[in-house]
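Each chain gets a letter, A, B and so on, in the order its sequence line appears, and its residues count up from 1.
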Protein chains: 2
Amino acid sequence: MAAARQSERGRIPPHPDVRAISTQQVLEALVDPVRRHIVGELHAAREDLSCGTIELPVSKSTATHHFHVLREAGLIRQYYVGTSRMNALRREEFDEVFPGLLRALVTGHARESDARREA
Amino acid sequence: MAAARQSERGRIPPHPDVRAISTQQVLEALVDPVRRHIVGELHAAREDLSCGTIELPVSKSTATHHFHVLREAGLIRQYYVGTSRMNALRREEFDEVFPGLLRALVTGHARESDARREA
DNA sequence: ATCAAAGTTTGACAGTGATCGTACTTCCTG
DNA sequence: CAGGAAGTACGATCACTGTCAAACTTTGAT
């Protein structure tokens, strides 16, 4: 392979193997509402999203922190496209190790978002 | 009803309606490993357990705190029998509002307990 | 060559929550 | 009724984590 693919250029630290992630780590990641929002949006969008396209009520540096935590918890995979860092939900991989968990939480996310909108 | 049942005597504050519990509150309750252990034990035991019969690596006062959090999060129901405070997992109720969540987490609990035992 | 856009890194700060010991309450038993 | 068992309540620590601003890096456009 003569040239590294564009997606690989932006030295993003290696992603963890989901099988090496503990329930503890996953819950610590998902207990934060901002991070749960990110996961919910990625799940609903059904496509990869750049950090910037997900509206968050925090500063950019804080957002970076949250994406970092999600990546370390095996929930998202990140790669660069130009200057944008893309985020992909690691659905299948995650589901194999924590069956039903993502579904259960995203259900709650959707339900409570609806409730907010109706209010 | 001439006499209050024994179970009702020990003024335990009223239990919340599970439908009024947010995902946020549930996750804050379950992110703590001690509390997850309690839930796991209640789930495995398939019967109500007094606070004292669940071994915990913390002091009594801290244990009280954890049971309190679980009760407020709609995960357990408490009642007195003599001087013992019994704890019942609110399975069905909880499952109706957060379908799949308990199952998903207890699965992880069991799996990781097994891993520890094998080591 | 610049410039702007998109994120990252670093350091500091503040709020929260888990923890403990001590003192207190209730209930059962001898 | 005295003693013990089972928890609770209260305050005080202490560590962690979410937050931000400021300075920096990399990439794409003009």
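If you check D:dA6, C:dT19, C:dG7 against the side chain of B:S84, the one that comes closest is D:dA6. You'll find that the side chain of B:T83 is closest to D:dA6, out of C:dC20, C:dA6, D:dA6. Set against D:dC20, C:dA18, D:dG7, the side chain of B:R85 has D:dG7 as its closest nucleotide. With distances taken from any side-chain atom of A:K60 to the nucleotides C:dT19, C:dA6, D:dT19, the minimum falls on C:dA6. Distances from the side chain of B:V34 to the nucleotides C:dA18, C:dT19, D:dT19 place C:dT19 closest.
Taking the ring axis of A:F98 as reference, the NZ or CZ atom of A:R103 does not stay both within 45° of it and closer than 6.0 Å to the ring centre.
Distances shown here put a side-chain N or O of B:T62 below 4.0 Å from the OP1 or OP2 atom of C:dC20. Residue A:S50 places at least one side-chain N or O closer than 4.0 Å to OP1 or OP2 of C:dG7. Between C:dT8 and A:H65, no contact under 4.0 Å exists linking OP1 or OP2 to a side-chain N or O.
Under the 4.5 Å side-chain criterion, counting only non-hydrogen atoms from C-beta, B:L56 is in contact with B:I54. Between A:R36 and B:Q24 there is a side-chain heavy-atom pair separated by less than 4.5 Å. No side-chain heavy atom of A:L89 sits under 4.5 Å from any side-chain heavy atom of A:F94.
The NE2 atom of A:H66 sits 15 Å away from the P atom of C:dG7 (whole-angstrom rounding). Per the geometry, CD belonging to A:E28 stands 11 Å off P belonging to D:dC16, to the nearest Å. Protein atom CD1 of B:I38 is 13 Å distant from nucleotide atom C1' of C:dA18, rounded to whole Å. One can place NE2 of A:H68 at 16 Å from C1' of D:dT19, the figure rounded to the nearest angstrom. Nucleotide D:dT8 holds its C1' atom 14 Å from the CG atom of B:N87, rounded to whole Å. Spacing between atom CZ of A:R36 and atom P of D:dT17 amounts to 17 Å, rounded to whole angstrom units. D:dT8 atom P lies 13 Å from atom CD of B:E72, rounded to whole Å. If you take OH of A:Y80 and C1' of D:dT27, they are 10 Å apart, rounded to a whole angstrom.
Counting atom types as modelled, B:S61 pairs a side-chain N or O with a base atom of C:dG21 as donor and acceptor under 3.5 Å.
Looking at A:E96 and A:R19, no side-chain N of the basic residue comes within less than 4.0 Å of a carboxylate O on the acidic one, giving no salt bridge.
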